[in-house]
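To start, the structure under review is shown below, and the notes come after it.
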Amino acid sequence: MLNPVDHSPASRRDQFKAAVGNVAGERRRKQAIIIGKERRDAVVRAKRMRRADDNDEGMMYDEPFSDKIINEETVRAVQELKFLFSSSSKDSSQKKIEALRKLRRLLSCSSNPPVASAVEAGVVPILVKCLEFGSSDEQLVEAAWSLTNIASGDSELTLAILPALPLLIAHLGERSAAPVAEQCAWAVGNVAGEGEQARDLLSSQGALLPLAKLLLLNKPMLVKTAAWALSNIIKGPSSKAAVELFKVDGLSEAIIRHLTKGDEELVVEIAWVVVYITSLAESQTKLLIKSGLLPPLVAWLSSSESLSLLTPVLRSVGNLVAGDNSNTDALLDAAKDLPGGLFGCLVRCLGSEHRTLQKEAAWTVSNIVAGSLQHKQLVFGSRVVPTLLHLLATSTFDVRKEAAFALGNLSVMPAGESQLPQPIMEHLSMLVERGCLPGFINLVKSPDLEASRLGLQFLELVLRGLPNGQGSKLVEKEEGLAALEVLEYHDNDDLRSMANELIDKYYGEDYGLEEEYGPGIAEVVRGGEEYPSWRKGRGGI
Amino acid sequence: MQPAPEMLHTLSNCFLQTLAPNPEPRKLAENYLKQAAEQDGYGLAVLRLLTEQNVDDQVRQAAAVNFKNHVKYRWAPANSDLSAINEAEKDQIKALVVNMMLSAPPKIQSQLSEALAIISKHDFPKKWGSLLPELVTSLKNAGSDYSVTNGVLQTVNSIFKQFRYLYKSAELYVDLKYCLDEFAAPLLEIFVRTSQLIGSNAQSPNVLKPLFECQRLCCRIFYSLNYQELPEFFEDNMKQWMSLFHDYLVYENPLLKESRDDKESVLDQVKAAVCENINLYMEKNEEEFKDYLPGFAADIWGLLMKVSLSSSHDRLAMTAIKFLTTVSKSVHHNLFNQPDALKQICESIVIPNVELRDDDEELFEMNQLEYIRRDMEGSDIDTRRRVACELVKGLSTYFSQEVNSMFSAYVRGMMDRYSTNPLQNWKSKDCALFLVTALAPKQIPGSATGSSLVDIDQFFATAILPELQCEDVNSQPILKADAIKFVTTFRVQLPKQVSLTLIPHLARFLLSESNVVHSYSALCIERMLIIRDGKQLRFGAQDLAPFMSVLLNNLFAALKLPESQENVYVMKCIMRVLSNGDIAQYATNCLDQLVNILSVLYKNPSNPTFSHYLFEAIAALVRRSCEKSPELVGIFEVKLFPVFQDILALDVIEFAPYVFQIMAQLIDTRNPPLPPTYIGLFPHLLTPVLWQRSANVPALVRLLQSYLQRASGEIIQAKQLEPVLGVFEKLINSKNTDHHGFFIINTVVEYLDYQVLSNYVTGIWNLLFMRLQTHRTGKFIKSLIVFMSLFCVKYGHDILVESIQNIQQGLFLTIIQTFWVPHLLSITGDIEVKLCAVASTKLLCESPVLQTDAAIPVWGKLLNSLITLLIRPEEERVEDEGDVPDLDEMVGYTAVYAQLYNAGKKEEDPVKEVQDAKQLLVISLAKLSSCAPGKFPAIIQQSVEPANQAGLAQFCNTYNCSIV
């Protein structure tokens, strides 16, 4: 049921469902507990190693050296550094730089960088030393680069660079040279990719605002890296960071500017920042919309062919429509001159060859159609519906489930006060006519409890909603009764009792009575004991 | 807290006594234990007893079972009658039970494992943080002791099962994540380690068996942990899991075969568990799984080629076929998109599994009920035939043309094979008939139209009709059953004329010696008789007339065949024939037969469905013959009463409700005066013991109503009104039966003059208002409003008001204000709504009590509610108030009340004179307002909601009235 106070996306998409439940939307928003692997795109994004520069002549370690040799080499390099940076050493800074660069190259070699050996050999304290104020920019970059790559590894290694954080953060400031700030942002981004606790630590050490301020600049490479690091810090589940971001003056405008004028790679990074803001910070989202977020967003949605760009853009749109109905209206308006409007954009994604986009787009639609009656009608009249029906019939399970949520929400009135969702007859009968029933019945039989419940709820709607008991006959014809019977002994109490109720109510003793005694009999018989009429025995036969 | 040795000794003795053959000491011991269980420390003491080596095994086993039950009922008692185990004792039990379970001998181990699972249901993991680490440690230390390993895994398996049936929720995910963090890695480790041991012990079955049991448990735990979604750990290690799964699917070792043919080997159990796991992945994680799919498809394929038809392989064959079905419907269905692949699946996997097996034949002969349940009533979800058909349907999703043409060819081939030697190859025809009916598209309940495999008309003529025309009703009974099932399935599609020619044949098969055949025949006739074309029954009395005699004869004869004395299909068919056919000339004879059956049956009622249809058949006879020829009532009474009397005298509680309903039906058909037999019986019907059984109540109420309607004079004369009101009093005081009380008092008001009732009326109101005060429910208030309305329209509003005001001045207005106004809108049912609307109108427009100045606000509100009642449809007005039946009061009822459709009561409208309640309202309002122009529009303006004002205006418009 749509709870008027709670506008989380879960409550919206769940309109179709009974009160309990939790959905992808909520997971995405809260990320409370992650059982599955983070989505591939997210994993790829979380931590990044910096490979060797092109201008690093003679990629010496790219060749198949044995791990052993490289590890030994690394330990030696660390020891050399240790020596050079010990107080007794009087060597020139140039020598130090060279030693640092050697180490950094070792740590950037592509196959299996020997970061563990380096950490074990005690590299971190030296690198911290290298970051001290007054060091040359070159030294700072090299040190931060090594730290970046150390932090791109396993959890243990990432956490190993924590002592370097205060200095890394200090070099994010406006007085730093761009390459220095960028490399430090990168290292910080990797730490943030480690997880919630690391993110909290970074926030408490003040990483957030300097990073956000970097977004105001017009240096694409730097902004790109800063945006990526920022997206890692603000991804939640707490909304604190995403909100605090906006203490930086001019941030909204900068975001819109990059989103509109940036190159594709920059737009991708900025869009991820938008993803987290739209999912976590409601009033900040409004601010962004006011500054003109929507036109560039829908423009990309309508024109881009790139999966890595469409993913965050579509997800942002999804988060927006999961908010409230006015967001949907604003999006419809922003896209009104694009081919096919907003729904044209969504159909593009629904029809994409990428499963993740299909799923994301179906999720988005399911939230739009959880809105007002008018939105439901708009979607119903668009090409979204045939595409969804096609997905429900043919796609992979996770996409089918999202498509089913969308079609289910399309078939019910906005949640009112009454307990049961009321069907929108025109939509329901049309969808059934176009053959959506087998898709829902397949879900009933699926081993996914949520999908099963969704299927059951749709069957209930069909059984109750379609006139003249058509529903029960259609459902039986599509083998829905058999699917219900499978659930009759399910271990999930809710599914079991729902299935049994439906069977009793629509296929119980009275089922087929119409055939036997003529129309109207079922009601007469049912009127019996539960809600007694004022006298015994309603109606003879 | 260490239990005293004497206590252990006593307990031990008690458990020994509970095994005694002699009921007396047994009862005594059981009672002692029951009392002891109330004491603190009991659970712990029983647990200790299990470890006493010198205690007899038998006793320890009994104690283990007792411990499990103790935990089941008292760990977190749902029922407040039982005291809960205290927290300190719980902690001690939790500290002990894991190790005890692991070191116990198998029979005790399984009980303790169950107990542990029960405890963990409540406490795990939040209140039992040590459990999983303890189990993991035991697993690590178990080494090669697989009794410990498997004990641990069995326990883990049962506590993780919750992940298979709970919805996703934040709490569940916290638990699941905890379990994954603790157990995913050890699980893989033990799975890998065990597989190595399996490799090195291929020659020793005694070593292998526990190893495979271990792998089976690992697979089941895998299933639980992967059920909600694919966990990261499993995705990262998918390759390792899948490669071992593959190993087991192709593993063969003759040493693991079971000696008994119907026992599933542990290897097959592992294979089946693997099939379930890969099926789960295929259903939910196609993307991640897709690289493994071709390999597994090949494995499953190979497996199904080899799997035998023995029932020990049923589960494996079915889970494997289900996997292929999942693939066939998935995005990867193209795996089968090669001509050979489809053909092989159909020929080597589907066909062998739909062919009739020896087991099925045996079932057909020995256990006809089960056979029918599976073959006809869809309880075959877990049979090979059904699962194979599901595969065909799955394949048809994307390859419907190919599949159809293949199967039509198979059906033709099977029919050809049959015709070369009908006696020997009859199973081919059985298979063909099965495929045609099972794969036909479904239409209305239990029937089908058309077939994509064959031309129905032609198939009917060549394959079905010859079977039905066969002279010998006992030859090749399975084919006869198939043919009749075919007719039942396609009954709607068969032309009426054809069906009519079939009836005599079907009638002959009623006498077949095969129970399945004569049951199918009865079922087929019964289903045919309820076909409707539009609203018209397809087979009317005239159509049936030529066959009535033979049908009834053979149906009653079928009930004399061995093991069909209580054949439900036959009795239901009798009921149907009696309901639809012209029975005048058969009525008394049929009644004799039915009474004969009843007089045997009541001595030992065993099949409630059969009994139900028997009484339905009697009710149908009464309805269809006595209503037409009232002179028959007397004859019916003479035949029925002796056996009815026996039933009531012997107190056959299952049948009493039916008897009361049919007696009511008989009374309804009679014209007054009722014969003295009925009047004589009346006082007995009021005996309290009858009313204590809840199944009797509705039937007795029904009967009482008939009496009140037809014999009110006699009842008053015999001074029986007071006892009737006594029954009313009893019923009204329970919230489960109060509506029945209202049924009675409503009937009293409807058929008795006020004069008779006037002495009691104060008592009645007192009773009702007392109940209203102490224990009000939505249902009660609604029923009260309906009763007051009936009172108002029958006796007049002035008597209603006066009799209530007599109790206390001003009470009437309070009742209206507090109950009537707010609850009027929850009235349901057309007649009820009309009645309450008419009464409300009368109160508004005629009763002086609402016309005083003080009452004006109430007047306005009442009008507002009334308009709501009249303009808004029921489903918008009424909220489900969810009165929960009081379970305590329902305890102890054995028989269930089942209403007889054929003995239903016709409902009468108590305000027939009013055509339209809306019209009455506006006319009355118009009349009232004309006496004081200007007064009422103002009140309406003030107290009626705008929407209702608009509604009222519309009424005025419609009926051309105005409120001035």
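Lettering follows sequence order; numbering is per chain, from 1.
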Discussion item. Any side-chain to backbone donor/acceptor pair from B:Tyr227 onto A:Pro447? Under 3.5 Å, distance only.
Written reply: yes
Worksheet item: At their closest point, which heavy atom of B:Val331 faces which heavy atom of A:Thr394, and how far apart are they?
Response: CG1-O, 2.9 Å
Fill in: Part of B:Glu390 lying under 4.5 Å from any heavy atom of chain A
side chain
Response to the item:
When every non-hydrogen atom of A:Ala482 is compared with those of B:Arg386, the smallest separation belongs to CB-NH2, 3.3 Å
Item to complete: Examine whether an atom of A:Arg400 lies under 4.5 Å from a heavy atom of chain B, and if so say whether it belongs to the side chain, the backbone or both; otherwise answer neither.
Response: side chain
Practice prompt. For B:Ser789, enumerate each residue passing the side-chain contact (heavy atoms from CB on, under 4.5 Å) test, keeping only those at least two apart in sequence or located in another chain.
Written response: B:Ile785, B:Trp820, B:Leu835, B:Cys836, B:Ala839
Practice prompt. For B:Glu283 and A:Ser446, work out which heavy atoms get closest and say how close.
Written response: OE1-CA, 4.3 Å
Fill in: Residue pair B:Glu286 / A:Phe397: nearest heavy atoms and the distance that separates them
OE2-N, 2.8 Å
Worksheet, complete the sentence: Counting heavy-atom pairs under 4.5 angstrom with chain A, the leader among B:Gln536, B:Lys329, B:Lys284 is B:Lys284
Worksheet entry | Proximity breakdown for A:Ala451 and chain B, heavy-atom pairs closer than 4.5 Å | neither
Response to the item:
dist A:His490:NE2 -> B:Arg164:CZ (nearest 0.5 Å) comes out at 10.5 Å
Worksheet item: Can you name the side-chain contact (heavy atoms from CB on, under 4.5 Å) partners of B:Gln228, sequence neighbours left out?
Response: A:Leu449, B:Lys168, B:Leu172, B:Tyr173, B:Leu176
